*Asks:* 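My questions will all concern the structure given below.
Remember, predicted model here, so these are calculated numbers, not experimental data.
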Amino acid sequence: MALGVHHLLLVEDDRTWREGVGRAAREAGFVVSCVADGAEALDWLRHRPRAQHPDLILLDLVLPRLDGWEVYGQLRTDARLRHLTVMLMSSASGAPDVPLNGVVGFLHKPSQPEALVRALAERLRELPERPREPPRVPYVLRLTDESLYTLHALQDPVRHAVRVHLLRAAELAASELPLASSWLMALHSELPSLLVTVEGVRVVLEVDDAGCALTASMVLVPSHLRCA
């Protein structure tokens with residue numbers, strides 16, 4: 001798709017519109033994540049590693065708690081979120097007079113969600129392609145002394161399986177993390193974190209996007225898996 005847009009974050013407080021636009025966008029080939037207001041959008045973005053961030057935020061301007069303009073302002077002043085691209089939408093007519101960094105367009109909300117998605121797809125086709133980012137090397141995997149000690153207490157086959165999955169998480173963190181996985185998920189925490197679950201063992205990985213590193217800060221092991 002134009003602009004390399006595949007994953008949309010839809011920020012819309014009206015449930016009927018949120019469900020309608022989400023359904024129509026998925027049918028058009030997008031992966032869609034939905035939040036109900038501006039505060040939830042910022043919280044959603046801040047608690048996910050960069051590899052799980054959307055390609056485009058479809059942002060309603062009229063929202064409870066934090067309106068679209070406040071959300072945009074916080075995106076532009078947050079170093080971890082400044083790279084994100086935004087498409088504004090509103091029931092009011094007229095686009096902003098002054099070009100805004102990171103904003104690639106303004107959509108007037110029509111009467112039907114399907115029409116909005118068609119307008120979005122048309123607008124994306126009109127925009128120039130973004131330059132492709134060079135391939136990123138795997139993130140560095142760091143193990144604290146405590147996590148190393150805990151891993152060494154595991155039975156050999158389980159320890160090997162955990163190591164393999166931790167290394168795989170480091171590879172995925174540099175490219176595109178799955179939105180949902182049986183063994184890897186984003187944690188809702190103050191800092192971006194991942195949870196790797198293998199054979200009942202749970203490992204918390206703190207994500208440092210700036211340093212391209214994952215740090216295993218906690219390893220939780222069921223008692224029956226520890227070596228005698």
Side-chain angles (χ1 to χ4, degrees), residues 1-76 78 80-92 95 100 102-125 127 130 172 176-182 184-195 207 209:
M1 295 180 179
L3 270 183
V5 173
H6 177 61
H7 179 198
L8 295 177
L9 174 62
L10 172 62
V11 189
E12 169 60 65
D13 61 308
D14 186 295
R15 180 177 178 180
T16 300
W17 259 88
R18 190 167 62 247
E19 292 178 351
V21 172
R23 181 177 58 254
R26 292 184 186 98
E27 291 174 354
F30 295 99
V31 172
V32 184
S33 301
C34 298
V35 292
D37 61 46
E40 185 181 349
L42 291 171
D43 186 66
W44 189 96
L45 291 163
R46 285 169 174 158
H47 290 92
R48 277 167 174 74
R50 178 165 175 160
Q52 285 188 340
H53 283 172
D55 302 310
L56 180 71
I57 301 174
L58 191 53
L59 178 62
D60 191 7
L61 288 177
V62 181
L63 296 167
R65 295 203 288 173
L66 290 176
D67 68 19
W69 292 118
E70 292 177 284
V71 173
Y72 168 76
Q74 293 207 34
L75 291 176
R76 296 306 299 164
D78 188 321
R80 288 194 70 251
L81 305 179
R82 199 173 295 149
H83 67 283
L84 292 165
T85 302
V86 179
M87 180 77 75
L88 302 174
M89 60 179 180
S90 174
S91 299
L100 299 171
V103 174
V104 295
F106 180 92
L107 296 175
H108 173 68
K109 291 170 72 173
S111 58
Q112 297 296 325
E114 293 78 7
L116 179 73
V117 174
R118 288 195 297 271
L120 170 64
E122 291 173 3
R123 185 60 194 271
L124 290 177
R125 282 193 290 269
L127 294 171
R130 287 183 298 192
L172 291 172
E176 183 177 356
L177 290 170
L179 297 178
S181 169
S182 60
L184 179 64
M185 63 177 289
L187 287 177
H188 188 84
S189 55
E190 184 176 351
L191 297 174
S193 301
L194 301 173
L195 177 65
V207 180
D209 282 321

*Asks:* For the CG atom of Leu59 and the CG atom of Leu84, what is their distance to the nearest 0.5 Å?
*Replies:*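 The distance works out to 11.0 Å.
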*Asks:* Please set out all donor-acceptor pairs under 3.5 angstrom arising from side-chain atoms of residues 18-30, sequence neighbours excluded.
*Replies:*
unit_1 : atom_1 : unit_2 : atom_2 : d
Arg18  : NH1    : Glu12  : O      : 2.8
Arg18  : NH1    : Asp13  : O      : 3.3
Glu19  : OE2    : Arg15  : NE     : 2.9
Arg26  : NH1    : Gly22  : O      : 3.3
Arg26  : NH2    : Val32  : O      : 3.3

*Asks:* Can you confirm whether Val62 sits close enough to Ser91 that some side-chain heavy atom of one is under 4.5 Å from a side-chain heavy atom of the other?
*Replies:*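 When only atoms from C-beta onward are counted, Ser91 and Val62 do not touch, as no gap falls below 4.5 Å.
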*Asks:* Determine the minimum heavy-atom distance between Asp209 and Arg80, stating which atoms define it.
*Replies:*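 Answer, listing the atom of Asp209 first, then Arg80: OD2-NH2, 3.0 Å.
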*Asks:* Has His108 got a side-chain atom pairing as donor or acceptor with Met89's backbone, closer than 3.5 angstrom?
*Replies:* no
*Asks:* For a side chain to side chain contact (heavy atoms under 4.5 Å, CB included) check, start with the C-alpha distance between Asp60 and Trp17, then their side-chain angles and the critical distance, and finish with the verdict.
*Replies:* CA-CA 11 Å; Asp60 191 7; Trp17 259 88; over 6 Å; no
*Asks:* Going from CD1 on Ile57 to OG on Ser33, what distance comes out if it is rounded to the nearest 0.5 angstrom?
*Replies:*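 Output value for this atom pair is 11.0 Å.
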*Asks:* Do Leu56 and Val104 have side chains that approach each other closer than 4.5 Å (heavy atoms only, starting at C-beta)?
*Replies:*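 Yes, close enough: below the 4.5 Å cut-off.
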*Asks:* Among residues at least two apart in sequence or on other chains, which ones pass side-chain contact (heavy atoms from CB on, under 4.5 Å) with Ala119?
*Replies:*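 Applying side-chain contact (heavy atoms from CB on, under 4.5 Å) to Ala119 gives Leu107.
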*Asks:* Does any pair with a residue in residues 64-73 pass salt bridge (charged side-chain N to carboxylate O under 4.0 Å, His left out), and if so which ones, sequence neighbours excluded?
*Replies:*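 Only Asp37-Arg65 qualify under salt bridge (charged side-chain N to carboxylate O under 4.0 Å, His left out).
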*Asks:* Would you say that Pro110 contacts Arg118 through its side chain, given a criterion of any heavy-atom pair below 4.5 Å between the two side chains?
*Replies:*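 They are not in side-chain contact.
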*Asks:* What residues form a side-chain hydrogen bond (donor to acceptor under 3.5 Å, both in side chains) with Arg82, not counting sequence neighbours?
*Replies:*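 Result, side-chain hydrogen bond (donor to acceptor under 3.5 Å, both in side chains) vs Arg82: none returned.
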*Asks:* List the steps and the verdict of side chain to side chain contact (heavy atoms under 4.5 Å, CB included) for Val11 and Trp44.
*Replies:* CA-CA 11 Å; Val11 189; Trp44 189 96; over 6 Å; no
*Asks:* In Å, rounded to the nearest 0.5 Å, how long is the span from CZ of Arg123 to CG of Leu116?
*Replies:* 12.5 Å
*Asks:* Locate the shortest heavy-atom distance separating Arg48 from Ala186; write the atom from each residue and the value.
*Replies:* CG-CB, 4.2 Å
*Asks:* Within this structure, what is the OG1-CG distance for the pair Thr85 and Leu124, rounded to the nearest 0.5 Å?
*Replies:*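 These two atoms lie 10.0 Å from each other.
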*Asks:* Do Tyr72 and Leu61 come within less than 4.5 Å of each other through their side chains, counting heavy atoms only?
*Replies:* no
*Asks:* Under the side-chain hydrogen bond (donor to acceptor under 3.5 Å, both in side chains) test, which residues partner Asp78, sequence neighbours left out?
*Replies:*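 Applying side-chain hydrogen bond (donor to acceptor under 3.5 Å, both in side chains) to Asp78 gives Arg46.
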*Asks:* Treating Asp55 as the side-chain partner and His7 as the backbone partner, does any N or O pair qualify as donor plus acceptor under 3.5 Å?
*Replies:* yes
*Asks:* Supply the atom-to-atom distance Gln52 CD to Leu184 CG, rounded to the nearest 0.5 angstrom.
*Replies:* 7.0 Å
*Asks:* Listed by chain and number, what are the salt bridge (Lys or Arg N to Asp or Glu O under 4.0 Å) partners of Glu122, not counting sequence neighbours?
*Replies:*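 Glu122 satisfies salt bridge (Lys or Arg N to Asp or Glu O under 4.0 Å) with no residue once adjacent residues are dropped.
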*Asks:* Between His53 and Leu45 (side chain of the first, backbone of the second, donor and acceptor by atom type, cut-off under 3.5 Å), is there such a pair?
*Replies:*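 The answer is yes, because a donor-acceptor pair under 3.5 Å joins these two groups.
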